[in-house]
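If you read the sequence from its start, that first residue is 1, and numbering goes on from there.
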Amino acid sequence: MNARSHAIFPKVNRAGWIDTFRVITTVMAPTVAKGVIIRRPAMERLAERRGFDTSAVKQMQRLKNKYGAAPLLLPIPFRPQLLILDPADVATVLQSSPEPFAAATAEKHAALAHFEPKNVLISSGPRRAKLRPAHEHALATANRLHPYSLHFKSVVDAEFRQVLNGIGFNRPDELDWPAFSQAWYRVIRQIVLGERARNDITLTETLNELRGRANWAFAAPVDQRKLALFHRQVGGYLAEPEKHSLISRLPDGDELAPENQVAQWLFAFDAAGITVMRTLAVLACHVSCWVKAVEEATGADLDRPFTRSCLLEVLRLWPTTPVILRQLTKDIKAGGRIIARGTGVIIFAPFFHRDPALVYANRMEPSIWGRNDALPSAGLVPFSAGPIICPAHNLVPTIASLAVGTFLSAADIVLLQPSLTVGNLPGTLNHFDIRLRLTARRKEK
Ligand code: HEM
């Protein structure tokens with residue numbers, strides 16, 4: 001036992017074996033099966049049909065009612081985990097990261113080793129201290145608007161106007177995930193790597209293959225050849241960074257293993273695209289929100305607070321990072337117990353985001369966010385919070401609100417599939433199967 005134990009939680013409860021097994025089967029397994037690093041369409045579809053996400057939240061509520069709000073120790077052999085059940089503890093854990101709650105957990109190492117083994121997320125100590133500021137500078141973490149926002153708007157507009165122009169002409173008047181995501185990947189590549197990367201589909205394909213392996217984490221060997229190929233491909237862009245690309249804001253030199261950092265950016269923008277598609281779907285059936293968002297979209301301001309709040313609501317309702325993981329770097333004291341160093345910590349976001357005690361649990365309520373993008377003491381943390389908060393927590397809502405705006409300013413949108421009830425939104429919204437009908441508001445010739 002470590003002599004320097006810390007008192008962080010007044011109390012920790014211990015779950016019985018059957019309850020531990022239930023958490024594994026109803027909370028952890030479905031999350032992993034949907035694909036943590038790249039979503040699996042068949043599993044998303046199954047989760048939607050069977051209501052896995054709603055069942056997981058119910059299971060967590062049952063545990064909280066049974067054991068109380070203190071963190072719950074799941075005695076999983078070789079890998080004990082503390083399940084956080086109180087929003088106040090969400091804030092404590094995230095604020096007290098990376099010490100003693102390290103972001104670099106064994107599970108993340110196993111997954112990220114497949115495509116970014118030297119990424120900041122799985123770095124600790126002095127290396128994290130070096131890497132984090134590089135991300136924060138490149139992504140302009142502290143700024144509500146990234147200094148390149150105007151350029152990003154021109155990229156987003158150009159790509160999505162092309163999609164809009166094709167609609168009803170060489171394409172049916174529908175927007176589905178395949179059509180949207182191809183354009184979105186072109187946007188991502190240009191924003192991250194520069195215009196030169198616009199059509200580098202091979203790069204995205206290589207990354208997505210590596211992400212597919214990363215879903216299997218420990219269970220699949222790293223494809224070292226493909227990993228080296230991917231890093232070489234990214235390295236080609238890093239060697240001559242284009243003006244106004246995100247990579248142009250990284251410091252020179254190999255010390256940061258920049259390919260490993262950029263891999264995370266390319267990967268994580270996928271979640272932003274999913275959020276844009278879901279936001280369009282929800283706004284299409286939400287008249288009052290639609291009107292306000294269209295007003296912003298047709299204005300000149302790059303900062304669109306209402307659209308941002310809608311995006312945050314979509315991330316609250318369907319978090320793209322449903323589980324935030326931590327690992328104890330030292331023993332901690334909790335009531336009469338010592339929780340050993342190495343114990344995992346699980347924050348299952350949907351449990352807090354969809355707490356039925358919240359009047360707005362299952363509907364969109366943009367007003368809750370104000371100017372914030374994290375409300376940790378209420379457990380509302382789509383971008384996490386504290387020192388390890390997503391360094392793109394300002395950049396993502398900016399780019400995503402610009403993307404939503406390009407559609408809203410040019411087209412009327414009807415949600416064809418799935419059918420949504422705005423007052424009672426479902427636990428799962430499978431983005432792969434969203435279909436929108438767009439009617440471009442064309443000017444008369
Ligand atoms: C919808 C989009 C996104 C969401 C919801 C999201 C959310 C998150 C969350 C929850 C974390 C984990 C933080 C923690 O463990 O406490 C994270 C980490 C991170 N995200 Fe994002 N993210 C998104 C997009 C992006 C994008 C587009 C980038 C880069 C361009 C990015 C860069 C990072 C990096 C570098 C980290 C690691 C931070 C660290 O370890 O210090 N994210 N993100």
**Report entry** Test item: T275 side-chain N/O and A271 main-chain N/O as donor-acceptor pair under 3.5 Å
**Finding:** yes
Report task. Take Y185 and F269, measure what ring pair (Phe, Tyr, Trp, His ring centres under 6.0 Å) needs, and give me the verdict at the end. Result -> CA-CA 9 Å; Y185 280 132; F269 261 121; over 10 Å; no
Requested in this report: Return the minimal non-hydrogen interatomic distance between R62 and D19, and the atom names on each side.
Outcome: NH2-OD1, 2.6 Å
Query - Atom of K108, atom of A103 and distance for their closest heavy-atom approach - result: NZ-O, 2.7 Å
Query raised in the report: Just wondering, do L82 and L72 contact through their side chains at under 4.5 Å, heavy atoms?
Result: no
Query - Side-chain heavy atoms of S245 within contact of V192, under 4.5 Å - result: no
Query raised in the report: Just wondering, do R316 and L312 contact through their side chains at under 4.5 Å, heavy atoms?
Result: no
**Report entry** Check: P350 and P322 side chains under 4.5 Å, non-hydrogen atoms
**Finding:** yes
Report task. Side-chain contact test, heavy atoms from C-beta onward, threshold under 4.5 Å: evaluate it for P391 versus V120 and give yes or no. Result -> no
Query raised in the report: Do you see a donor-acceptor pair shorter than 3.5 Å between the side chains of T439 and D412?
Result: no
Query raised in the report: Nearest 0.5 Å, what's the CZ-NE2 distance between F230 and H114?
Result: 14.5 Å
Query raised in the report: Once you round to the nearest 0.5 Å, how far does CD of E205 lie from CG of D200?
Result: 9.5 Å
Query raised in the report: Do NZ/NE/NH1/NH2 and the carboxylate oxygens of E107 and R79 come within less than 4.0 Å?
Result: yes
Query raised in the report: Is it true that K130 and E255 make a salt bridge, defined as a side-chain N closer than 4.0 Å to a carboxylate O?
Result: yes
Query raised in the report: Can you tell me how far the CD atom of E174 sits from the CG atom of L438, to the nearest 0.5 Å?
Result: 9.0 Å
Report task. Classify the angle between the aromatic ring planes of F160 and W184 as parallel (below 30°), tilted (30 to 60°) or perpendicular (above 60°). Result -> parallel
Report task. Apply side-chain hydrogen bond (donor to acceptor under 3.5 Å, both in side chains) to the pair R341 and T329, showing each step before the final yes or no. Result -> CA-CA 5 Å; R341 172 174 183 238; T329 59; over 6 Å; no
Report summary line: Minimal heavy-atom distance between F180 and L175, with the atoms involved, is N-CD1, 4.0 Å
Report task. State, yes or no, whether a side-chain contact exists between F21 and T26 at a heavy-atom distance under 4.5 Å. Result -> no
**Report entry** W177 atom CH2, over 12 foreign heavy atoms within 6.0 Å
**Finding:** yes
Query raised in the report: Residues two or more places apart in sequence or in another chain: which of them pass side chain to side chain contact (heavy atoms under 4.5 Å, CB included) with P30?
Result: F52
Query raised in the report: Are R189 and T204 linked by a side-chain donor-acceptor pair shorter than 3.5 Å?
Result: yes
Requested in this report: Give a yes or no answer on whether the side chain of H353 reaches the backbone of V381 with a donor-acceptor pair at less than 3.5 Å.
Outcome: yes
Query raised in the report: Between R371 and D303, is there a side-chain N and carboxylate O pair less than 4.0 Å apart?
Result: yes
Query raised in the report: In this structure, are over 12 heavy atoms from other groups packed under 6.0 Å from L150 atom CG?
Result: no
**Report entry** Inter-residue atom distance I368.CD1 - E313.CD, 0.5 Å rounding
**Finding:** 4.0 Å
Query raised in the report: Taking the six-membered ring for Trp, is the centroid-to-centroid distance between F115 and F267 below 6.0 Å?
Result: yes
Query raised in the report: Okay, side chain of R308, backbone of P397: is any donor-acceptor separation there less than 3.5 Å?
Result: no
Query raised in the report: Taking NZ, NE, NH1 and NH2 as the nitrogens, is one of them in D270 or R39 under 4.0 Å from a carboxylate oxygen of the other?
Result: no
Query raised in the report: Can R132 and E136 be counted as an ion pair, charged N to O under 4.0 angstrom?
Result: yes
Query - Considering all heavy atoms, the nearest F407-L280 contact - result: CD1-CD1, 3.8 Å
Query raised in the report: Could you state the interatomic distance from CD (Q190) to CD (E195), rounded to the nearest 0.5 Å?
Result: 6.0 Å
Requested in this report: Any chance you could measure H244, atom NE2, to L246, atom CG, to the nearest 0.5 Å?
Outcome: 11.5 Å
Report summary line: All heavy atoms of F352 vs all of F348, minimum pair found to be CD1-O, 3.6 Å
Query raised in the report: Going through the distances and angles, do R161 and E159 end up as a salt bridge (charged side-chain N to carboxylate O under 4.0 Å, His left out)?
Result: CA-CA 6 Å; R161 285 214 183 114; E159 286 305 332; over 6 Å; no
Query raised in the report: Do R354 and N362 have side-chain N/O donor and acceptor atoms under 3.5 Å apart?
Result: yes
Query raised in the report: Going by heavy atoms in the side chains, are L266 and L203 under 4.5 Å from each other?
Result: yes
Query raised in the report: For the ring pair W265 and H135, is the centre-to-centre distance below 6.0 Å?
Result: yes
Query raised in the report: Is it true that a side-chain atom of N260 and a backbone atom of A263 form a donor plus acceptor pair closer than 3.5 Å?
Result: no
Query raised in the report: Does the N372 side chain pair with the main chain of A374, one donor and one acceptor, at a distance under 3.5 Å?
Result: no
Query raised in the report: Do R304 and L402 come within less than 4.5 Å of each other through their side chains, counting heavy atoms only?
Result: yes
Report task. Before accepting this row, confirm whether a basic side-chain N of the pair E365/R363 lies closer than 4.0 Å to the acidic partner's carboxylate O. Result -> yes
Query raised in the report: Within a radius of less than 6.0 Å around CZ of R50, do more than 12 heavy atoms belonging to other residues, nucleotides or ligands occur?
Result: no
Query raised in the report: What pair of heavy atoms forms the shortest contact from L85 to F351, and how long is it?
Result: O-CE2, 3.5 Å
Query - N-O pairing of R45 and E48 below 4.0 Å - result: no
